[in-house]
2 protein chains.
Amino acid sequence: MEQPAPVSPAFIATDHNHDHCVSLALQTAEAICRERGQRLTTLRRKVLELVWANHRPVGAYGLLEMLRDESGQVAPATVYRALDFLQEQGLVHRLASLNAFIGCAFPGAAHTGQFLICTSCQELAELDDRQITEALRASADASGFTISHTTVEVLGLCPHCRKGRA
Amino acid sequence: MEQPAPVSPAFIATDHNHDHCVSLALQTAEAICRERGQRLTTLRRKVLELVWANHRPVGAYGLLEMLRDESGQVAPATVYRALDFLQEQGLVHRLASLNAFIGCAFPGAAHTGQFLICTSCQELAELDDRQITEALRASADASGFTISHTTVEVLGLCPHCRKGRA
DNA sequence: CTTGCTTTTGCAACAATATAACATAATACT
DNA sequence: AGTATTATGTTATATTGTTGCAAAAGCAAG
Ligand SMILES: [Zn+2]
Ligand SMILES: [Zn+2]
Ligand SMILES: [Zn+2]
Ligand SMILES: [Zn+2]
């Protein structure tokens, strides 16, 4: 059971140019939506692009600002609806502990969403770790609990920031 | 490495009378605060009592309502400050995925907070599962990531509700 | 291509959650 | 008692997210 290569590598250097991550993510999203008969409209595409361009968790109102810079007046509901769609299609995750959104690193693949989030530089790595998934499943099983969704968000210091502070 | 007995058992029957959970939790809290030289004031104690009396996740504004029923006008900041204190003392956890609070089942013990939450009846079980903790640590280590806090919240159906729907 | 249907977006108001700033009160310490 | 510290009251505000309805855009059959 191979894991698909993620769209973006984990904990890349902060100043790395990630234009290609953005365009790869957009291409992948196009393909996924086409295959599913879903409409990746201009707005939804734009929101996804902004999410990826930031390359770290962004709040809905942050996205709203960015949209306004380009498209004039935009209402919250507009952003939230686009984000809802992108989440339904598994292209974006919501991070409950940050009230923020991030592009999915494994779009199209069945996975549960596990995140390492640096509290210093906001860099984030999405994992799809079998050990973690299994441990959760085993624990739920032991309690007779049926999982429908999991939130796994780990805060701490990424390798770069750890060095900078140690 | 034995786990301490939790204050409340997991997935008890919904209609079970949990007065003794409440008083046990309060007693434990008193002891912990006394030992640490922290002040479990009337307000803080009251909030903790309300959290436990509900025995399922409660929102801050829900607590606010309950406080008002007893003490007249109360402002949000009052509740949030009490909750902050209780969280600092490890007597209460905040559930990021629900914007809600729950009494800690392992007060005084070092643990990370892992939750199974029934989306049907809101019953909740707090775990301190070594497998899960270890899997998270191992995965973080592999990425050179230093953990400071983890959010593990699993949504799904508890044993009772699963039966009721199967 | 136009009519009717469905989906998406615009727009306005509002709801829910959380925090900030500063004054007053209670408690602890000397 | 007098002073410092901590906790609470009070008011206002910030942040995040939703609802409802109307206009617009996309789609499909005739
Ligand atoms: Zn993902
Ligand atoms: Zn970092
Ligand atoms: Zn706990
Ligand atoms: Zn249940």
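Residue numbers begin at 1 in each chain, while the letters A, B, ... track the order of the sequences.
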Task: Residue A/Glu70 excluded, over 12 heavy atoms near CD under 6.0 Å - done: yes
Task: Spacing between B/Arg68 atom CZ and D/dT10 atom C1', to the nearest angstrom - done: 12 Å
- [ ] Please tell me which of B/Leu43 and B/Ala75 maps to the more 5' nucleotide of DNA chain D, matching each residue to the nucleotide holding its nearest heavy atom.
- [x] B/Leu43
- [ ] Specify the separation, in whole Å, of atom CZ of B/Arg45 and atom P of C/dA26.
- [x] 20 Å
TODO: Would you kindly give the CG-to-P distance between A/Leu64 and C/dT9, to the nearest whole Å?
DONE: 15 Å
- [ ] Return the nearest nucleotide to the side chain of B/Thr78; candidates are D/dT8, C/dT8, D/dG9.
- [x] D/dG9
Open item on the list: Expressed as a whole number of angstroms, how long is the span from B/Gln87:CD to C/dA18:C1'?
Closed with: 12 Å
Task: Donor + acceptor pair across side chains of A/Gln114, A/Thr133 (<3.5 Å) - done: yes
- [ ] Treat primed atoms plus P, OP1 and OP2 as sugar-phosphate and everything else as base, then score nucleotides 14-20 of chain D 5' to 3': B for base contact with protein heavy atoms under 4.0 Å, S for sugar-phosphate contact only, - for none.
- [x] --BBBBB
Open item on the list: Could you tell me how far apart A/Leu83 (CG) and C/dT8 (P) are, to the nearest whole angstrom?
Closed with: 15 Å
Task: Within 6.0 angstrom of A/Gln131 CD, more than 12 heavy atoms from elsewhere - done: no
Task: Linked, directly or transitively: B/Ile117 and B/Phe11 (ILVMFWY side chains, under 4.5 Å) - done: no
Open item on the list: Output the rounded distance in Å from CZ (A/Arg44) to C1' (D/dA25).
Closed with: 12 Å
Open item on the list: Would you say A/His93 and A/Glu126 are linked by a side-chain donor-acceptor pair, where the criterion is simply a distance under 3.5 Å?
Closed with: yes
Open item on the list: Testing the 3.5 Å rule here: is there a donor-acceptor pair between the side chains of A/Gln87 and A/Arg94?
Closed with: no
Task: Side-chain N,O (A/Thr41) to OP1/OP2 (C/dT9) below 4.0 Å - done: yes
Open item on the list: Between C1' on C/dA25 and CZ on B/Arg39, what's the gap in Å once rounded to a whole number?
Closed with: 11 Å
Task: Rounded interatomic separation in angstrom, taking CD from A/Gln73 and P from C/dT9 - done: 17 Å
